Amino acid sequence: MKLLFSILLLTLSIFSFAQSVGPLDSTIHSCNYKSTNILFTDIGIDTVYYGNGDSSNYYDAEYRQQQGCGDGLNRCIQTQNIALKYYAYYPKQHNYTLMPLPCVIIEHGGSYSDCSGINNTTDIKTLCMEYAKRGWIAISLEYRRGNQQDTTIVAATRTNNPVRYYSVYTVAAIYKGSQDTRGGYNSIIKRELNHNSFPQMKYRIDTSAIFVGGASAGSLVMLSAVYYQKQYMMDSICPGAKPVFGSINYPYYYGDSTINYIKYIKGCINMWGEWQLPPSVLSNLAAFFSGDRKPLVPMIAFCGAKDSTFYPLTQNYYFDTARNFSSLHIDMKKTTYCLPFASSYELFPKKTKPDLVGYGSLKIYNLLKSASIPVNLYYDCDALHGFETACDTCPFLANYGTAYTNELLMEKYFAERSINYFQHIILDSANLTDTKFTDCENYQVTCRTKDSNNNCKNNDVCPNSFGIDDGDDGGVWGEGFIQNKNSQNKSYETNSNSMLLPANERSNKRTTRKP
């Protein structure tokens with residue numbers, strides 16, 4: 001009798017789970033899952049604050065002269081809830097007790113300006129909704145902004161390698177954004193691990209399936225958090241910032257550095273972002289990236305060949321010298337405003353040599369691929385930065401080889417492509433044959449290992465763009481760089497259903513397929 005009763009309970013549980021996830025097997029761990037299918041229509045949105053409540057050393061600068069946002073006043077804000085918050089998008093109908101859902105954390109772009117922000121970026125809102133409809137927890141993460149940007153661009157002899165200038169305010173914004181990104185990741189993970197302390201929490205995250213991403217400036221701080229894991233790495237691109245703003249793991253946040261977010265992150269989506277590196281490390285990137293002995297995470301990237309903000313290959317950055325910037329009469333090298341631990345923050349530029357070199361998405365793709373790190377690149381020959389058009393009445397060009405004619409449809413495509421790629425990462429089959437899609441649509445929507453696209457080839461290049469699509473214009477891994485997949489830290493679930501098994505050993509939740 002007890003055996004029959006147990007079988008009945010198990011049958012009811014299986015039936016309940018099948019009903020809870022929709023008409024199809026919607027778990028990402030199953031090859032029945034399709035990234036194109038809408039599984040949920042009732043999506044909830046929760047607002048969560050991730051500051052630790054102590055604002056004594058917390059400083060968030062607003063400037064009177066920001067692009068279109070200035071109101072004639074400077075403000076130094078010490079209220080954490082304005083910036084340290086996130087919106088969590090989640091399917092309401094799902095039974096989270098039976099199955100936590102995979103999670104993607106996305107950060108918006110906007111040049112760190114207060115014109116941008118979590119409520120002013122419709123692309124991230126749309127993307128999060130598309131993820132949630134397909135059975136994901138999607139989180140839009142806010143970070144501190146505020147920037148007096150030097151918009152000077154000097155064309156170089158090579159069209160893919162211009163010269164740009166960085167003000168002290170931009171460097172500070174990058175550093176603070178990277179602090180907040182790390183703190184946000186730690187807080188999201190800690191809140192899930194301690195979910196019993198949050199009875200109002202309506203969703204559950206599968207901590208063995210967490211992915212991160214960003215667009216433009218949001219992608220830059222995301223990439224710094226994922227790939228620049230050590231303090232010395234951030235010190236090299238934001239010199240002098242640590243004594244002024246605290247360490248990259250300064251305890252502003254609910255989730256502290258003991259969480260170690262990096263062991264939970266399985267991959268990232270880079271939408272027209274950039275690595276920014278000190279020139280001194282370019283001859284041996286292995287020494288820079290391998291300092292902490294962790295392998296680099298897989299990436300899916302989207303990039304336009306005509307992006308003039310973060311160029312596909314490389315561009316040089318110079319820190320501003322001591323001068324007033326045009327009509328704004330602002331010192332772009334030094335500031336004394338809104339600094340928590342010092343009276344001033346000043347840059348000391350090299351003047352005759354670049355202070356930073358930017359590596360765009362195409363360059364990153366070439367490097368990761370050469371190191372056998374799983375990477376996919378979607379490359380549009382006509383696209384500018386993001387979904388920009390050349391004028392208000394100009395045609396929409398950023399269709400990445402599809403027939404789509406507007407931004408909303410492309411955001412849906414981005415969600416479908418990244419979900420499909422993340423599924424391959426979860427199932428350990430991300431090393432697909434086709435990895436670069438140049439003006440070419442990818443049709444693959446399940447974890448089947450056979451490539452499915454419109455005859456895309458990895459060696460396709462854009463006609464009449466830069467003419468050097470696959471060139472290696474500076475920067476090498478150096479001697480002895482080896483991507484050791486087996487050294488990846490195993491992530492452990494700590495919820496009541498996990499039994500503390502490593503994620504890749506929970507055979508009841510997934511089936512592993514090899515390419």
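Since the model is a prediction, treat every value here as computed from it, not as a measurement.
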Roughly how far apart are Asn376 CG and Lys436 NZ, rounded to 0.5 Å?
12.0 Å
I need the minimum non-hydrogen distance between Ile210 and Ile105, along with the two atoms involved.
CG2-CD1, 4.2 Å
Mark yes or no for whether Asn453, through its side chain, and Tyr443, through its backbone, hold a donor-acceptor pair below 3.5 Å.
no
Could you walk me through whether Ser236 and Tyr228 pass the side-chain hydrogen bond (donor to acceptor under 3.5 Å, both in side chains) test, one step at a time?
CA-CA 10 Å; Ser236 68; Tyr228 306 168; over 6 Å; no
If you look at every heavy atom in Asn147 and Ser111, which pair is closest and at what distance?
ND2-O, 3.0 Å
Backbone N/O of Cys447 and side chain of Gln423: donor-acceptor pair under 3.5 Å:
yes
Assess the side chains of Ser418 and Tyr131: does a donor N or O sit below 3.5 Å from an acceptor N or O?
yes
Pro102 versus Ile28, closest heavy-atom pair with distance
CG-CG2, 3.9 Å
When you measure from the side chain of Glu130 to the backbone N and O of Glu416, does any donor-acceptor pair fall under 3.5 Å?
no
For Ser178 and Thr181, which I'm curious about, is there any donor-acceptor pair between the side chains at under 3.5 Å?
no
Full working for side chain to side chain contact (heavy atoms under 4.5 Å, CB included) between Lys34 and Thr446
CA-CA 5 Å; Lys34 290 186 177 181; Thr446 69; 3.5 Å; yes
Within the side chain of Gln276, is there an N or O that forms a donor-acceptor pair under 3.5 Å with the backbone of Ser224?
no
Asn37 side chain to Leu39 backbone, donor-acceptor under 3.5 Å:
no
CE on Met233 to CG on Leu277, rounded to 0.5 Å
8.5 Å
Residues Asp60, Arg144: salt bridge by 4.0 Å N-O rule:
no
Are the side chains of Lys412 and Arg134 in contact, using a 4.5 Å heavy-atom criterion?
yes
List the steps, then state whether side-chain hydrogen bond (donor to acceptor under 3.5 Å, both in side chains) holds for Asp180 with Tyr253.
CA-CA 8 Å; Asp180 294 347; Tyr253 318 98; 2.6 Å; yes
If you take the centroid of each ring, where Trp contributes its six-membered ring, are Tyr400 and Tyr413 closer together than 6.0 Å?
no
For the pair Tyr112 and Tyr143, name the ring-plane relationship: parallel under 30°, tilted 30 to 60°, perpendicular over 60°.
perpendicular
Rounded to the nearest 0.5 Å, what's the gap from OG1 on Thr170 to CE on Met332? Could you check?
6.5 Å
Do Tyr379 and Asp460 have side-chain heavy atoms sitting under 4.5 Å apart?
no
d(Tyr203 OH, Tyr90 OH) to nearest 0.5 Å is 8.0 Å
Atom pair CG (Asp382) and SG (Cys462), whose distance is rounded to the nearest 0.5 Å:
7.5 Å
So which atom in Ile77 and which in Glu62 form the shortest heavy-atom distance, rounded to 0.1 Å?
CD1-OE2, 3.3 Å
Side-chain touch Phe310/Ser216, heavy atoms, less than 4.5 angstrom:
yes
Just do the side chain to side chain contact (heavy atoms under 4.5 Å, CB included) check on Asp355 and Tyr317 with the steps written out, would you?
CA-CA 6 Å; Asp355 293 281; Tyr317 292 85; 5.8 Å; no
Taking the side chain from Arg417 and the backbone from Gln444, do they hold a donor-acceptor pair closer than 3.5 Å?
yes
Evaluate the side chain to side chain contact (heavy atoms under 4.5 Å, CB included) criterion for residues Asp320 and Leu347: first the C-alpha distance (whole Å), next the side-chain angles of each, then the deciding distance (0.1 Å), finally the verdict.
CA-CA 8 Å; Asp320 272 308; Leu347 298 176; 5.7 Å; no
Within-4.5 Å side-chain heavy-atom neighbours: Ser35 and Phe422
no
Least distance between heavy atoms, Asn454 atom then Cys440 atom
O-SG, 3.2 Å
Taking the side chain as everything from C-beta on, heavy atoms only, tell me whether Cys103 gets closer than 4.5 Å to Leu101.
no
Chi angles and distances behind the side chain to side chain contact (heavy atoms under 4.5 Å, CB included) call for Thr435, Tyr365
CA-CA 9 Å; Thr435 59; Tyr365 166 81; 2.7 Å; yes
Rounded to the nearest 0.5 Å, what separation is found between the CD1 atom of Ile139 and the CZ atom of Phe211?
14.0 Å
Centres of the Trp275 and Phe289 rings: under 6.0 Å?
yes
Sub-6.0 Å ring centroid separation between Phe40 and Trp136:
no
Check: Pro395 and Thr389 side chains under 4.5 Å, non-hydrogen atoms:
no
With heavy-atom distances below 4.5 Å as the criterion, would you say the side chains of Met271 and Asp123 are in contact?
no
Determine whether Tyr264 and Glu192 satisfy the following criterion, side-chain hydrogen bond (donor to acceptor under 3.5 Å, both in side chains), listing intermediate values before the conclusion.
CA-CA 12 Å; Tyr264 294 91; Glu192 173 57 39; over 6 Å; no
For this output row, return yes or no: ring centroids of Tyr404 and Phe396 closer than 6.0 angstrom.
no
Within the structure provided, determine whether Leu377 and Lys369 are in side-chain contact (heavy-atom separation under 4.5 Å).
no
When the ring planes of Phe302 and Phe414 are compared, do they come out parallel, tilted or perpendicular, using 30° and 60° as the limits?
parallel
List the atom of Leu141, the atom of Tyr50, and the distance in Å for their closest heavy-atom pair.
CD1-CE2, 3.5 Å
